[in-house]
Engineer: 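The structure's right below; bear with me while I get my questions together.
The shown structure was predicted, so the numbers you read here are calculated from the model rather than taken from an experiment.
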Number of protein chains: 2
Amino acid sequence: MSHNQLNYLEELHAAGYRVTSQRQAVLDAVCAAGSHAPIEKILLHVSKLDPSLNASTVYRSLAVFVETGLVVMAMDQGRKVYEIANTQPHHHLRCRVCGSMVTLNAATTSSFFEQLASSYAYKIDMDHLVIDGICKSCQ
Amino acid sequence: MSHNQLNYLEELHAAGYRVTSQRQAVLDAVCAAGSHAPIEKILLHVSKLDPSLNASTVYRSLAVFVETGLVVMAMDQGRKVYEIANTQPHHHLRCRVCGSMVTLNAATTSSFFEQLASSYAYKIDMDHLVIDGICKSCQ
DNA sequence: TGCCTTCCTGCAAGTTTTCGCATTAAGGAT
DNA sequence: ATCCTTAATGCGAAAACTTGCAGGAAGGCA
Ligand SMILES: [Mn+2]
Ligand SMILES: [Mn+2]
Ligand SMILES: [Zn+2]
Ligand SMILES: [Zn+2]
């Protein structure tokens, strides 16, 4: 598993949720599935870890993880994709044509967010923005 | 209907799609359902206009409209919402707490997009961005 | 450790969304 | 106006996702 499991499980517990073997397996599966993984990829990894784990539990676990911020959910062409949350929020540029993704420099987005915050009196609270466009090689 | 129907139907046709009575009804329903309408709201309006219109046709029509840019799709708390596309792209700030939405000043977002374009050699192609945060009165 | 409360899980049923296929109709051409 | 080609629709079935409920396990407390 690529995450510091202890830390994530403690956070789960601190948020008032029980740390079950099923939730641990789903969290491991999210990590194993790599970034921006669609649900079927996660289900596949889960059933490898524990074939008896019910699909409805996977959906419910993901909802809990997103709720608590352990996992971030984003949209990729109208489909939900999941990835383990890093300590830092991060944002992407995504090519409509080839699907490739670039992680944005944090300074760029935070200055934009600060501008929005001051202009609109909004506290921006975005941990995974995906902006669509067309990359250099696809233009 | 709130859209200039003629124009939209011509665009559909120009994109190589057939202009059917069902698609006209779905487009009218999207307008009638107002902005950021979830699918069930659209289905409700559709069945008022034509009770015999099958739900699968509604899903397929929406996919065509999003594909051709006549309708924009956005995510509202993990749910797909639809709205008729204006001639100009527009973006929002959305409060996580009360759900209220603000339409962003176009200059603000376009300067951000231009900066991204020059830094990353990406042609930004975003017609409906929704940025989450917490509004002044909810902070 | 063992008990107790409450949350979580699996299962089955319900709901939503997608898909394949036969029939229908749009729209270009004559 | 009629014909022809092919895309679009409705329908039924499948797949994806959600929900209610009864049994089982987490974790707090003694
Ligand atoms: Mn990411
Ligand atoms: Mn909008
Ligand atoms: Zn590309
Ligand atoms: Zn608010």
Engineer: Give me the residues of residues 59-66 of chain A where at least one heavy atom lies under 4.0 Å from an atom of DNA chain D, by number, or none.
Structural biologist: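 DNA chain D contact set from residues 59-66 of chain A: Y59(A), R60(A).
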Engineer: What does nucleotides 25-30 of chain D look like as a protein-contact string, B for base, S for sugar-phosphate only, - for none, at under 4.0 angstrom between heavy atoms?
Structural biologist: BBSS--
Engineer: By a strict heavy-atom criterion of less than 4.0 Å, which residues belonging to residues 38-58 of chain A are in contact with DNA chain D?
Structural biologist: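 DNA chain D contact set from residues 38-58 of chain A: I39(A), S56(A).
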Engineer: Among residues at least two apart in sequence or on other chains, which ones pass side chain to side chain contact (heavy atoms under 4.5 Å, CB included) with E83(A)?
Structural biologist: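 For E83(A) the side chain to side chain contact (heavy atoms under 4.5 Å, CB included) partners, ignoring immediate neighbours, are S35(A), H36(A), V72(A), H90(A), H92(A), H128(A).
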Engineer: Examine H13(A) together with Y8(A) and report whether their ring centres are nearer than 6.0 Å.
Structural biologist: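 So the answer is no for these two rings.
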Engineer: Quantified as the angle between the terminal helix axes (five pairs each), what is the overall bend of the helix from dT1(C)-dA30(D) to dT30(C)-dA1(D) to 10 degrees?
Structural biologist: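 Here the local axes at opposite ends form an angle of 40°.
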Engineer: Within this structure, what is the CD-to-P distance between Q22(A) and dG24(D), rounded to whole angstrom?
Structural biologist: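 These atoms are roughly 14 Å apart.
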Engineer: Do any N or O atoms from the side chain of S110(B) and from the backbone of A106(B) form a donor-acceptor pair under 3.5 angstrom?
Structural biologist: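 Yes; at least one donor-acceptor contact below 3.5 Å.
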Engineer: How would you list all residue pairs meeting salt bridge (charged side-chain N to carboxylate O under 4.0 Å, His left out) that involve residues 109-126 of chain B, not counting sequence neighbours?
Structural biologist: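 Residue pairs passing salt bridge (charged side-chain N to carboxylate O under 4.0 Å, His left out), neighbours aside: R96(A)-D125(B).
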Engineer: Please list every donor-acceptor pair under 3.5 Å in which a side-chain atom of residues 131-139 of chain B meets a protein atom from a residue at least two apart or in another chain.
Structural biologist:
from    : atom 1 : to      : atom 2 : distance (Å)
D132(B) : OD1    : R94(B)  : NH1    : 3.2
Q139(B) : NE2    : A121(A) : O      : 3.2
Q139(B) : NE2    : I134(B) : O      : 3.1

Engineer: Check ring pair (Phe, Tyr, Trp, His ring centres under 6.0 Å) between F112(B) and all other residues, then give those that pass, not counting sequence neighbours.
Structural biologist: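 Result, ring pair (Phe, Tyr, Trp, His ring centres under 6.0 Å) vs F112(B): F112(A).
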Engineer: When the distance from NZ of K80(A) to C1' of dA16(D) is rounded to whole Å, what number comes out?
Structural biologist: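 The answer, rounded to whole Å, is 11 Å.
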Engineer: Look at the side chain of Y122(B) and the backbone N and O of V102(A), then say whether any donor-acceptor pair between them is shorter than 3.5 Å.
Structural biologist: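 Side chain of Y122(B) to backbone of V102(A): no pair is present.
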Engineer: Restricting to pairs with a member in residues 38-49 of chain B, which pass salt bridge (charged side-chain N to carboxylate O under 4.0 Å, His left out), not counting sequence neighbours?
Structural biologist: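 Every salt bridge (charged side-chain N to carboxylate O under 4.0 Å, His left out) pair that includes a residue of residues 38-49 of chain B, provided the two are not neighbours, is E40(B)-R79(B).
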Engineer: Residues in ring pair (Phe, Tyr, Trp, His ring centres under 6.0 Å) with H45(B), at least two apart?
Structural biologist: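 Per chain and number, H45(B) pairs via ring pair (Phe, Tyr, Trp, His ring centres under 6.0 Å) with no residue.
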Engineer: For Y120(A), enumerate each residue passing the ring pair (Phe, Tyr, Trp, His ring centres under 6.0 Å) test, keeping only those at least two apart in sequence or located in another chain.
Structural biologist: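 Applying ring pair (Phe, Tyr, Trp, His ring centres under 6.0 Å) to Y120(A) gives none.
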Engineer: Return the value, rounded to whole Å, for the distance between atom CD of Q24(A) and atom P of dC8(C).
Structural biologist: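 About 14 Å, once rounded to whole Å.
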Engineer: Is a side-chain donor or acceptor of S119(A) paired with a backbone partner of L116(A) at a separation under 3.5 angstrom?
Structural biologist: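 No, S119(A) side chain to L116(A) backbone: no donor-acceptor pair under 3.5 Å.
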Engineer: Testing the basics here: between A33(A) and I42(A), what is the closest heavy-atom pair and its distance to 0.1 Å?
Structural biologist: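 In this case the closest contact between A33(A) and I42(A) is CB-CG1, 4.1 Å.
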Engineer: Considering residues at least two apart in sequence or located in another chain, which fulfil the side-chain hydrogen bond (donor to acceptor under 3.5 Å, both in side chains) criterion with S56(B)?
Structural biologist: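 Only N54(B), R60(B) meet the side-chain hydrogen bond (donor to acceptor under 3.5 Å, both in side chains) criterion with S56(B).
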